[in-house]
Amino acid sequence: MLRTHTAGELRKSHVGQTVELCGWVDKYRDHAGIVFIDLRDRYGKTQIKFDLADNSEIQKQARSLRYEDVIKVTGEVIARPDGLSNAKLETGEIELRAITLEVLNKSLTPPYMLDGDLPNEELRLKYRFFDLRRAELQKAMILRHRLTKTVRDYFDENGFLEVETPMLGRSTPEGARDYLVPSRVHEGSFYALPQSPQIYKQILMVGGYDRYFQIARCFRDEDLRADRQPEFTQIDVEMSFVEMNDILTTIDGLVSTVFEKIRGVKLPTPLPRYSYREVMDKYGSDKPDLRFGMPIVDISDIAKESTFGVFKETVAAGGMIRGLTIKGGADKYSRKMLDQDLKAFVADFKAKGLAYFKVTDGKLDSSIAKFFDEAQQKAIIEKMEAENGDLLVYVADKYSVCCAALGALRNRIAKEQKLYDAHDFNCCWVIDFPLLNWNEDEKRWDAEHHPFCYPVKDDVELLETDPGKIRAQSYDLVCNGYEAASGSIRIHDPKVQQKVFDLLNIKQEEAERRFGFLLEALRYGAPPHGGIALGLDRWVMLMLGYDNIRDVIAFPKTQKASDMLTGAPAEVDAKQLRDLHIQLKPQS
RNA sequence: GGGGCCGUAGCUCAAUUGGUUAGAGCGCAGCCCUGUCACGGCUGAGGUUGCGGGUUCGAGCCCCGUCGGCCUCGCCA
C-alpha cells in the first residue's frame, strides 16, 4: 500500500506517529511561508502543513499543487496549536506536518468546483469520474452498498438462495418495450434483455428452489422520468408454499431491518395495509404519499342539489364532484393562481376545470358560491372538515379524472405548503388491486400487474362473468408516494393461466409460442408460489431523501437514454452489422 | 408522440424597449503574504451568446428550424 492511513481516520491518539496518506488536493491555502493542503479521499479530509521552517524544498513543491492533483504525503501527525482546531473536520484536532511529498499524478483544471453551485447535469454526467468525487454521490454509493449488503444478509439468514438468471433471454409479449440483442449465429433472431427475471424465478420455484432472491439488473426501453432509468436494479424475491401474507411479512421484516440498520429508524411493523379502492378514493393514487393527510372528499350528493349547472350535469352524467381542503389556503392561493396556474395543472390530467371556495365567516366565498344555499354551504364545510381561512378546491368529472387530477394536486399542494417533513418515511402496503384493466383504446383487457398474477380465490369464478371485478392477489409497497415494490401470488395452475391468457386475448398458440416453456413448467409439479420485486435504486433514493434516481447510480443515463460519459449508444462498424445480419435503412 | 423550462467566459449567473467595447462572483495565470481552513491582497488572460436560417440600419434579446439537458402527460405487464 502506498498509504498507512486514510484521510479520514487520524485523531489526537495518532499524534507523534509518522504516517503516509494518499489522496486528492481538495483545497490549498498558500501563505508563502506556510502552505496548507486539505487532502481528500472518500473517508474524509486531513489538513497537511508544509512549513518553510521545516523544509524549504518541500514547501516550494507544495506551492505548485493544484486542485485535484493526486499526491502522497509522508509526515508526522501533530496536534494543532490551541484554538486552531477545526470543528468542521472529523480530523480537525490534528494536522500532518509534511516530511516528503510525491505528486502521483497532476490533474487538469477541473471543469467545476466540487463544493460550489452544481453545474448543469449534462456537464456532471460528461465528467462523471469527477462528479463521483462529490460527497453526495459518495454518500449514495456507500449507502447503496450497505443496503445491498443488508439485503443479502437478511435473505441469507432467512434461508434464501441468491440465484443468477440470464441477461440474454427471449422477448415476451405485453409489458414494456424490450431492449433487443441481435443474434450472430441465428440470422434474424434476437435476444431480449430482461424487463425482470419474472419467468425465470417462477421456473426456479418449479425447480424446487423455494426461497430465491437476486439483486437483478432489469432493462425497459420506455421513456424516462426522474425516478426511472432504462436499466435499473431490482431486489427480486420469490417463495414457494406461501400465501400473500407470508410474502408481506417477509418484506416487512426486510424493510424494517434495512431502515433500522441503515437509517436507525424503527418502522412500525407490520406495515399498514390498505385496499386499492380505499387509497384511490382517499388519495386519488395507488401510490399515495401518506406523510400527510389532506384526503379527497366527495360532495356529489350535496352538489347535485345545488343550482350550479356544471356540478349538476356532471353528477347526472354519472360523474362526481370531489375535492380537497387546503388548510389555511384561502390567502395563500390568489384568484389568479387558482384560475390559471392550478387550473392548467389539473388540465394536464384531463380535468376540465377547477372550482373553488374560500371559507369565510362559516360560509363559502367565490364566484360560484351563489349557487349553493346556506344549508348546502354548511353541509359542504362540514363534510370537508373545513374552517375559516381554508381553501376548498373541486374537480367535477368521472372517477378516473378526479383521482388523477386531485391525486396530483394533493402532492403538489403538500410540497408547496410543506405539509410534511422531507426526512420522514411512511411505508404501507396497497393490496386488492384489480386483476385487469379495460383498455379503452384497444377495446380489450390488460393485466394490471402481469399476466401470471393469481386472482383472489373468491373471485376466480368471475373470470367467466365479470372480469373487471376480479381482485388480484397482488400488492405494492408504497413509500413516500413512490412505488417501492410490487409483487403477486402467481398462477401455478395451467388451466387458470390459460383462462387469464384468454381474457388478455393472448391466443393459445401465441402463449405457447412465446412462453410455452413457462406453461410447460407449470404442468410438471409447480408449487404454489409468489414473490415481489423491490426497486433498489428507488429505495436508495428514498432513504437519502434525494428526488432523482441518477444521483444514486454510478453511471446513469440521460432522459434520452444516452450515456454522456461514454457516448453510448453509438454507431458500430459495418462489419459488426454484417455479422449480425443487420442492414440499416438509408436516412430519410 | 404531446406540453413546459433551460442553453451567454471553464462554472454559476447578469445584460433596461432591439442600440456604444456583452458584465459580476468563483475558477484559471502571474506576483505578494508564516496559522489558514470558503484564507487574504494586487495584476491579468479568458466570449462563434448551443447550431442554422430569417426580420431589421442594427439581434444575446424578436421569428422559424434544429441539437442537447431537465421536468411532465402518454408510456413503464
Side-chain angles (χ1 to χ4, degrees), chain A residues 26-39 45-54 56 59 63 66-68 78 80-89 91-92 95 97 108-127 130 172-178 195-196 198-199 218-230 232 341 344-350 404-405 408 412 433 435-437 439 441 445-453 472 474 483 486-488 500-501 504 506 515 533 535 547-548 550 557-560 562 564:
Chain A
D26 190 64
K27 280 275 154 49
Y28 57 90
R29 294 177 289 277
D30 180 354
H31 300 255
I34 188 167
V35 177
F36 295 106
I37 300 279
D38 289 340
L39 183 74
K45 294 177 190 174
T46 301
Q47 174 163 284
I48 317 289
K49 181 176 80 162
F50 299 89
D51 197 328
L52 186 62
D54 289 341
S56 66
Q59 183 261 1
R63 296 190 73 181
R66 291 296 177 265
Y67 293 125
E68 303 307 320
I78 58 174
R80 294 205 192 185
D82 280 349
L84 290 174
S85 55
N86 184 351
K88 287 188 223 160
L89 281 187
T91 61
E95 59 194 353
R97 188 174 61 80
L108 293 177
T109 301
Y112 52 94
M113 301 299 287
L114 287 179
D115 58 355
D117 290 338
L118 279 184
N120 77 62
E121 203 172 348
E122 191 177 353
L123 194 78
R124 287 175 48 208
L125 291 171
K126 183 176 171 192
Y127 291 94
F130 176 63
T172 49
E174 301 222 6
R177 209 172 283 117
D178 285 320
Q195 296 177 26
S196 80
Q198 181 61 39
I199 294 177
C218 306
F219 304 85
R220 293 177 191 178
D221 187 4
E222 296 292 348
D223 287 346
L224 305 178
R225 291 285 188 283
D227 63 344
R228 297 196 322 226
Q229 278 279 298
F232 60 101
D341 204 16
F345 181 81
V346 295
D348 278 349
F349 301 92
K350 306 275 188 308
R412 175 184 158 156
F433 279 81
L435 183 73
L436 304 165
N437 246 336
N439 183 330
D441 293 337
W445 293 105
D446 282 341
E448 169 80 21
H449 183 55
H450 62 55
F452 316 113
C453 183
S474 72
E483 180 192 311
S486 183
S488 63
V500 173
F501 282 159
L504 294 172
I506 298 174
F515 32 52
D547 54 11
N548 188 314
R550 293 182 297 277
K557 292 184 174 55
T558 67
Q559 199 178 39
K560 285 195 178 159
S562 304
M564 302 306 281

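These values consider heavy atoms only, across backbone and side chains, with no hydrogens, waters or symmetry-generated copies. Numbered from 1 within each chain, the chains take letters A, B, ... in sequence-line order. Being a predicted model, the structure only gives us computed values, none of them experimental.
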Can you check the A/Asp26 CG to B/C37 P distance for me, whole Å? 15 Å
B/C13 versus B/U17 - spacing of their C1' atoms, nearest Å: 23 Å
Assign A/Glu95 to base, sugar-phosphate, or nothing according to its heavy-atom contacts below 4.0 angstrom with the strands shown. base
Could you tell me how far apart A/Gln559 (CD) and B/C5 (C1') are, to the nearest whole angstrom? 12 Å
Assign A/Asp30 to base, sugar-phosphate, or nothing according to its heavy-atom contacts below 4.0 angstrom with the strands shown. base
Span that lies between the C1' atom of B/U55 and that of B/C63, in whole angstrom: 7 Å
Contact under 4.0 Å: A/Tyr28 side-chain N or O vs B/C28 OP1/OP2: yes
Whether A/Arg412 contacts B/C71 is assessed here as follows: a side-chain N or O lying under 4.0 Å from the phosphate OP1 or OP2. Is that the case? no
Between P of B/G1 and CG of A/Leu224, the distance in whole Å: 14 Å
Scan every strand shown for a Watson-Crick or G-U wobble partner of B/G68, both distances under 3.5 Å, and answer none if you come up empty. B/C6
Is there, by distance only and without an angle test, a donor paired with an acceptor across the side chain of A/Glu121 and the base of B/G68 below 3.5 Å? no
Rounded to whole angstrom, note down the C1' distance from B/C39 over to B/C32. 14 Å
If you find the nucleotide of RNA chain B closest to A/Glu448 and the one closest to A/Arg550, which residue's nucleotide is nearer the 5' end? A/Arg550
Touch check for A/Leu118, heavy atoms < 4.0 angstrom, all strands: base, sugar-phosphate only, or nothing? sugar-phosphate
For B/C33 and B/U43, measure between their C1' atoms and round to the nearest Å. 15 Å
Interatomic distance, A/Ile37 atom CD1 to A/Leu39 atom CG [nearest 0.5 angstrom]: 8.5 Å
Spacing of A/Lys88 atom NZ relative to B/C39 atom P, expressed in whole Å: 9 Å
Does a nitrogen or oxygen in the side chain of A/Thr109 sit under 4.0 Å from OP1 or OP2 of B/G27? no
May I ask you to say what A/Asn120 touches in the nucleic acid, namely base, sugar-phosphate or nothing, with a heavy-atom cut-off under 4.0 Å? sugar-phosphate
Roughly how far, to the nearest 0.5 Å, is the CG atom of A/Leu108 from the OH atom of A/Tyr127? 9.0 Å
Could you work out the separation of B/U20 and B/C57 based on their C1' atoms and round it to a whole Å? 15 Å
Is the distance from OP1 or OP2 of B/G27 to the nearest side-chain N or O of A/Arg66 less than 4.0 Å? no
Nearest 0.5 angstrom please: A/Gln198 CD to A/Ser488 OG, how far? 6.5 Å
Check: A/Glu222 side chain, A/Arg177 main-chain N or O, donor-acceptor pair, under 3.5 Å: yes
Rounded distance [0.5 Å steps], CD in A/Glu68 versus CG in A/Leu114: 5.0 Å
Which part of the nucleic acid does A/Pro110 contact within heavy-atom distance under 4.0 Å: base, sugar-phosphate only, or nothing? nothing
I want to check one thing: is the phosphate of B/G68, taken as OP1 and OP2, less than 4.0 Å away from some side-chain N or O of A/Lys560? yes
Return the value, rounded to whole Å, for the distance between atom CD of A/Glu68 and atom C1' of B/G27. 12 Å
Using Watson-Crick geometry (N1-N3 plus N6-O4 or O6-N4) or G-U wobble (N1-O2, O6-N3), each under 3.5 Å, B/A24 is paired with B/U12
Over all strands shown, is A/Leu123 touching base, sugar-phosphate only, or nothing at heavy-atom distances under 4.0 angstrom? sugar-phosphate
5′-ward residue of the pair A/Pro119/A/Ala53 relative to RNA chain B: A/Pro119
How is A/Phe452 classified with respect to the nucleic acid when contacts are heavy atoms under 4.0 Å: base, sugar-phosphate, or nothing? nothing
Using a strict cut-off of less than 4.0 Å between a Lys/Arg side-chain nitrogen and an Asp/Glu carboxylate oxygen, indicate whether A/Asp38 and A/Arg29 qualify as a salt bridge. yes
Taking donor-acceptor contacts at under 3.5 Å, does the side chain of A/Arg220 reach the base of B/C75? no
Interatomic distance, A/Lys557 NZ vs B/C76 P [rounded to whole Å]: 21 Å
Side-chain atoms of A/Asp223 come closest, of B/C71, B/G74, B/G35, to B/G74
Under 4.0 Å from OP1 or OP2 of B/U36: is there any side-chain N or O of A/Arg29 that close? no
Side chain of A/Arg225 - closest among B/G69, B/U72, B/G1: B/U72
What's A/Gln198 touching, base or sugar-phosphate or nothing? Going by heavy atoms closer than 4.0 Å. base
Distance-only, no hydrogens or angles: does the A/Gln229 side chain make a donor-acceptor pair with backbone N or O of A/Lys557 under 3.5 Å? yes
note: A/Tyr67, atom OH; B/A29, atom C1'; distance rounded to Å ~ 14 Å
Can you check whether A/Asn86 has a side-chain N or O nearer than 4.0 Å to OP1 or OP2 of B/G35? no
For B/G47, which nucleotide in any strand shown is its Watson-Crick or wobble partner with both distances under 3.5 Å? none
Can you tell me how far the CZ atom of A/Phe36 sits from the CZ atom of A/Phe50, to the nearest 0.5 Å? 11.0 Å
Phosphate OP1/OP2 of B/C37 contacted by A/Lys49 side-chain N/O (<4.0 Å): no
A/Ser196 near the nucleic acid: base, sugar-phosphate alone, or nothing, with a heavy-atom cut-off under 4.0 Å? base
Mutual orientation of the aromatic rings belonging to A/Phe452 and A/Phe501 [parallel < 30°, tilted 30-60°, perpendicular > 60°]: perpendicular
Could you state the NE2-C1' distance from A/His31 to B/C33, rounded to the nearest angstrom? 8 Å
Hey, does A/Asp51 reach any base, or is it just sugar-phosphate, or nothing, if we go heavy atoms under 4.0 Å? base
Using the P atoms only, state how far B/U66 lies from B/G1, rounded to an integer number of Å. 12 Å
Quantified in whole Å, what is the C1' atom distance between nucleotide B/G7 and nucleotide B/A14? 15 Å
Looking only at B/C71, B/U36, B/C73, the nucleotide nearest the A/Gln47 side chain is B/U36
Hey, is A/Phe36 doing a stacking thing with B/U36, by the 5.5 Å centroid and 30° angle criteria? yes
How far does the C1' atom of B/G23 sit from the matching atom of B/A45, given to the nearest Å? 16 Å
hbond_proxy A/Arg124 side chain to B/C11 base (donor-acceptor, 3.5 Å cutoff): no
